[in-house]
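These notes are about the structure you will find just below.
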Amino acid sequence: MAGFFVIWQLCVALFSPDLLPSPQQVFVRITEQWQADELQRHLLVTLRRVFISFSIAMIVGLILGMVMGSSNKVDVALDGPLTVFLNVPALVVIILSFLWFGLTERAVVIAVLLNKVPNMTVIFREGVRAINSDLLEVGRVYGLSLSRRLLSIYLPQLYPYFLAATRTGLALVWKIVLVVELLGCSDGLGFKLGVFFQYFDIEGVLAYSFAFVVVILCIEGLILRPWERSVMRWRI
């Protein structure tokens, strides 16, 4: 990150580009927007939408993935629709959601779910397929209870897929939420980015984008990485 800011500042100092404000200018804009209670208001709206959409997508994707990974018949039956939803452009899904459900919060969540659930499902399906059944059989032979086998043998083998789904899920969900807000919402970071775009306000675009990136980095550093170290200790 330090190297990124150094290169950014050098580009501004050496080339004086009209379309690239300096890091200091962006930081000042962030401070101004924060003091005006604009940045945190729209940031919290976007984070709420991301959290709701991501949580539902994880639950639905986990259920579908486990069912498809455990049953060949269900996998064959749902593989076609899953492939279709994986390849439908996100913009088409967003527009149809707004046309069908109106410019509402429900439309926002549905649009994100239809774009993200298929990816989650594929990740968890492959995770279930990769489960070593021999280890489960060993646990059964040694008389381990069902809950013990689930917690000590089954779930640890799925943890890498949980981590992959979480990281890719957050990365994709917040991008889709911003597009949804840009197209059909009156608040949120996506809405503000659309306003800045109309006024050709590059400082505003970078300020709001950078603020959300900082939030994502905090989630990664304070939640995901400690969780990864905790659940993956069995591999050491």
Please find the pair of heavy atoms, one from [X] and one from [Y], that lie closest to each other, and give the distance.
{"X": "G69", "Y": "V128", "answer": "C-CG1, 3.6 Å"}
{"X": "R29", "Y": "G204", "answer": "NH1-N, 3.7 Å"}
{"X": "L182", "Y": "G194", "answer": "CD1-CA, 3.2 Å"}
{"X": "A111", "Y": "V180", "answer": "CB-CG2, 4.2 Å"}
{"X": "V117", "Y": "A57", "answer": "CG2-CA, 3.9 Å"}
{"X": "A165", "Y": "F124", "answer": "CB-CZ, 3.8 Å"}

Just to verify, what does [X] make a side-chain contact (heavy atoms from CB on, under 4.5 Å) with, not counting sequence neighbours?
{"X": "F4", "result": "W8"}
{"X": "V28", "result": "E32"}
{"X": "V92", "result": "V88, P89, L96"}

When you group the ILVMFWY residues by side-chain heavy-atom contacts below 4.5 Å and let the links chain together, are [Y] and [X] in the same group?
{"X": "L217", "Y": "L44", "result": "no"}
{"X": "F5", "Y": "V12", "result": "yes"}
{"X": "F197", "Y": "V177", "result": "no"}
{"X": "V213", "Y": "V205", "result": "yes"}
{"X": "L189", "Y": "L206", "result": "yes"}

Exercise. For a side-chain contact (heavy atoms from CB on, under 4.5 Å) with I176, tell me which candidate from L178, V173, V179, L172 qualifies.
Key: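 It is L172, the one option of L178, V173, V179, L172 that forms the side-chain contact (heavy atoms from CB on, under 4.5 Å) with I176.
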
Self-check item: Option from M68, M120, M66 for which side-chain contact (heavy atoms from CB on, under 4.5 Å) with R125 holds
Solution: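 That would be M68; it is the only one of M68, M120, M66 passing the side-chain contact (heavy atoms from CB on, under 4.5 Å) with R125.
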
Could you grab the distance from atom [atom1] of [X] to atom [atom2] of [Y], nearest 0.5 Å is fine?
{"X": "I123", "Y": "F162", "atom1": "CD1", "atom2": "CZ", "value": "11.5 Å"}
{"X": "L113", "Y": "I52", "atom1": "CG", "atom2": "CD1", "value": "10.5 Å"}
{"X": "E203", "Y": "L20", "atom1": "CD", "atom2": "CG", "value": "10.5 Å"}
{"X": "S53", "Y": "L170", "atom1": "OG", "atom2": "CG", "value": "11.5 Å"}
{"X": "F212", "Y": "L47", "atom1": "CZ", "atom2": "CG", "value": "5.0 Å"}
{"X": "K192", "Y": "T46", "atom1": "NZ", "atom2": "OG1", "value": "11.5 Å"}

Quiz item: I202 and Q25: side chain to side chain contact (heavy atoms under 4.5 Å, CB included), yes or no, with the steps?
Solution: CA-CA 11 Å; I202 300 177; Q25 290 174 295; over 6 Å; no

Quiz prompt | Sole residue of Q40, Q35, R41 in side-chain hydrogen bond (donor to acceptor under 3.5 Å, both in side chains) with D37 | solution =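 Per the side-chain hydrogen bond (donor to acceptor under 3.5 Å, both in side chains) rule, the option paired with D37 is Q40, out of Q40, Q35, R41.
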
Practice problem: Just do the side chain to side chain contact (heavy atoms under 4.5 Å, CB included) check on N115 and I94 with the steps written out, would you? | Solution: CA-CA 9 Å; N115 279 290; I94 294 169; 4.3 Å; yes

Answer whether the closest heavy-atom distance between the side chains of [X] and [Y] falls below 4.5 Å.
{"X": "R49", "Y": "C185", "answer": "yes"}
{"X": "L224", "Y": "L163", "answer": "no"}
{"X": "R106", "Y": "V109", "answer": "no"}

Practice problem: Kindly indicate, with the supporting measurements, whether the criterion side chain to side chain contact (heavy atoms under 4.5 Å, CB included) is fulfilled by L183 and L91. | Solution: CA-CA 9 Å; L183 293 176; L91 185 60; 3.4 Å; yes

Quiz item: Counting only heavy atoms not in F85, do more than 12 sit closer than 6.0 Å to its CZ atom?
Solution: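 Not more than 12 within 6.0 Å, no.
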
Quiz item: Can you pull the side chain to side chain donor-acceptor pair (under 3.5 Å) pairs that have at least one residue in residues 57-73, sequence neighbours excluded?
Solution: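 Sorted result for residues 57-73: empty, none.
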
Practice problem: Give every residue pair that meets the ring-ring contact (aromatic ring centres under 6.0 Å, His included) criterion with at least one member in residues 25-79, sequence neighbours excluded. | Solution: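 Output for this query is empty, none listed.
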
Quiz item: Linking Ile, Leu, Val, Met, Phe, Trp and Tyr through side-chain heavy atoms less than 4.5 Å apart, which residues share a cluster with Y199?
Solution: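 So far as hydrophobic clustering goes, Y199 is joined with F191, V195.
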
Exercise. Under the side chain to side chain contact (heavy atoms under 4.5 Å, CB included) rule, what do T166 and M58 come out as? Steps first, then yes or no, please.
Key: CA-CA 8 Å; T166 301; M58 281 287 287; 3.8 Å; yes

Quiz prompt | Electrostatic pair R129:D75 at N-O distance under 4.0 angstrom | solution =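 Answer for the salt bridge query: yes.
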
